[in-house]
Protein chains: 2
Amino acid sequence: MDMAHEDSFAARLDGAARDVAALLAALLSETPLEGEIGRPPHLMQAMRHGVLNGGKRLRPFLVIETVRMLGGPRDAALRVAAALECIHCYSLIHDDLPAMDDDDLRRGQPTVHVAFDEATAILAGDALLTMAFDILAAPETHLPDQARLALIGQLSRAAGVGGMVGGQALDLHAERVAPDEAGIVRLQAMKTGALLRYACAAGALTSGADAQTLARMTRFGEIIGLAFQLADDLLDVTSDAATLGKAAGKDAGRGKGTLVSLHGVDAARARLDTLVQEAAVLLEPFGDAGHTLVETARFIASRDR
Amino acid sequence: MDMAHEDSFAARLDGAARDVAALLAALLSETPLEGEIGRPPHLMQAMRHGVLNGGKRLRPFLVIETVRMLGGPRDAALRVAAALECIHCYSLIHDDLPAMDDDDLRRGQPTVHVAFDEATAILAGDALLTMAFDILAAPETHLPDQARLALIGQLSRAAGVGGMVGGQALDLHAERVAPDEAGIVRLQAMKTGALLRYACAAGALTSGADAQTLARMTRFGEIIGLAFQLADDLLDVTSDAATLGKAAGKDAGRGKGTLVSLHGVDAARARLDTLVQEAAVLLEPFGDAGHTLVETARFIASRDR
């Protein structure tokens, strides 16, 4: 990878993160929207604490870059990206709760239940989850009705009992009964894979893509999800707490199996290379326009190096 | 009220509750839908525990009866009713958590976090909230795209930070700083009023009603919300734990103000009578077809007698 490309990728990632954060800040203002009775300042503050925290905005970036590649509308892409980020941030707020992963820090800052209290953290998560659907349903998301309904329908399935939330439930259970390899793959596809897959599918839906392109981007998102999880599991083994910014070796310490613990670091790295190649082949039809998304796959796969 | 009417009202309420419960049971099956990766049995069990609990299904009844009055499609009404009940039930599961109201019993049964555990209760609530939007977005809810989007958009505003969730946040805060009368009215309009108002508005949207009818039913729903809360506050003062099935005088004991504590029982009863009259006047244009909804207003207002 030459430096010019790397710089432009990093700049593009940063730029998208800034644009999404600016939109999220506007959406999390204290002015009630039509049909709302009021917005309690304390709850809004907790929501902003959980959302405007300097995240990389990887899921939004996937939406935005898919829409850019397919020539779709950028304004709508930003709103879809913001909705997805609301879901991601709510899941972090709830995952951090004492009854769940019990984490006090995220990105070096106190988690929402520490900075506020548990009840407020539960409600801030609930409100962000609800707001995601508000953003997608609103006419301000200038897309055909069918596209907005498809975005809502697919998001609910990616984020709900058959996706992210179900994966979190399986993950809690995995601390008591270790799943076999098929169980690990399923758990990860639900817990982290579903939203990453959705990000790319949502980009296609936002762009009005045909069924074949939607299927291709959905598959691309699946590969991104597999690579993300594998790189995460590698990080958990190879990083120390200082680089990671959270307790390292935590998953292994809890006795949760990962594909890395089953097959070893070398096999995981080889699999990551294969996934990046597969991602690149999938995007060949888009030529140079697909370059940034292939870079994204490479970026995600190499987070531990 | 003559006995024949009362019987037929009770039978209608029971019948609707049975139909909604049957649909909810089907929606909460363990078979994954298209786009879902899997449905963890343990989480589904917790969701069913929180939903299939013999509730009166008052909000669903308001949807169904509004659609019946306006001549809309009953199948769609049932699905909209089920979506709304998912929201109501998720809110009860989260409200019952130790960090919130810390209730061990609901309808004489262990609450979800007692029957399962806190993490599972948080996730079951999250999954039900998400599922509500899935139900409304799905093509199985045979309504025009515009109607489904309006139902989703209005639900997100009624249930989110500017409605129910925001009201719950204000309620927690009210335990520390007692609100004035305007603050109490606002809190109650958000916490309990917003979903009841939505129920009636959703019935109008499901029926393809014109803007004037939608506004009329939204106002009717507001009145239902006011009456519901006032009757609840009266119950809190006048009932004992045996009749109420939960700890009585709990709100007063926590020092939360209510309109009953500010103005007294007699003023509250007089206000309830006025609200029922206002409800009846609003539905006059619908003639006999509006009879059941007026009965519903009366039923809600007289729960303490």
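Note: hydrogens, waters and symmetry copies are ignored here, and every other heavy atom, side chains too, is used. Letters A, B, ... are given to chains in the order of the sequence lines, protein chains preceding strands, and every chain is numbered from 1.
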Check: Going from CD on E34(A) to CD on Q154(B), what distance comes out if it is rounded to the nearest 0.5 angstrom?
Finding: 8.0 Å

Notebook entry, point to check: Which bit of L43(B) comes within less than 4.5 Å of chain A, counting heavy atoms only: side chain, backbone, both or neither?
Noted result: side chain

Notebook entry, point to check: If you count heavy-atom pairs under 4.5 Å between each of A99(A), A158(A), G38(A), G166(A) and chain B, which one has the most?
Noted result: G38(A)

Next item on the list: Name the orientation class of the two ring planes belonging to H94(A) and H94(B) (parallel below 30°, tilted from 30 to 60°, perpendicular beyond 60°).
Entry: perpendicular

Note to self: Less than 4.5 Å apart, side chain to side chain, heavy atoms only: is that true for D126(B) and Y90(A)?
What the structure shows: yes

Next item on the list: Please report the shortest heavy-atom distance between A138(B) and R157(A), naming the atom on each side.
Entry: CB-NH2, 4.3 Å

Note to self: As an exercise: rank I135(A), L129(A), L128(A) by heavy-atom pairs under 4.5 Å with chain B and give me the winner.
What the structure shows: L129(A)

Item checked: Over 12 foreign heavy atoms within 6.0 Å of CG, D75(A) -> no

Next item on the list: Check whether M190(B) gets within reach of chain A through its side chain, its backbone, both or neither, counting any heavy atom under 4.5 Å.
Entry: both

Next item on the list: Find out whether I37(B) and R197(A) are in side-chain contact, i.e. whether some heavy atom of one side chain is under 4.5 Å from a heavy atom of the other.
Entry: yes

Check: Between G153(B), P40(B), A201(B), which shows the greatest number of heavy-atom pairs under 4.5 Å with chain A?
Finding: P40(B)

Check: When heavy-atom pairs shorter than 4.5 Å are enumerated against chain B, which of V161(A), V165(A), L33(A) gives the highest number?
Finding: V161(A)

Next item on the list: Would you please test L123(B) and L172(A) for side chain to side chain contact (heavy atoms under 4.5 Å, CB included) and show each step?
Entry: CA-CA 11 Å; L123(B) 294 172; L172(A) 290 168; 3.6 Å; yes

Item checked: When A121(A), A137(A), P32(A), P144(A) are compared by non-hydrogen pairs under 4.5 Å with chain B, the top option -> A137(A)

Notebook entry, point to check: So among L136(A), L149(A), D134(A), which one has a side chain to side chain contact (heavy atoms under 4.5 Å, CB included) with I152(B)?
Noted result: L149(A)

Checklist line | Largest heavy-atom contact set with chain B, pairs under 4.5 Å, which of R148(A), M131(A), H113(A) | finding: R148(A)

Check: What part of L97(B) gets closer than 4.5 Å to chain A, counting heavy atoms only: side chain, backbone, both or neither?
Finding: side chain

Check: Atom CD in Q168(B), atom OG1 in T120(A): separation rounded to 0.5 Å?
Finding: 10.0 Å

Note to self: Please classify the contact of M164(B) with chain A as side chain, backbone, both or neither, using a heavy-atom distance under 4.5 Å.
What the structure shows: neither

Notebook entry, point to check: Considering residues, nucleotides and ligands other than N53(A), do more than 12 of their heavy atoms fall under 6.0 Å from its CG?
Noted result: yes

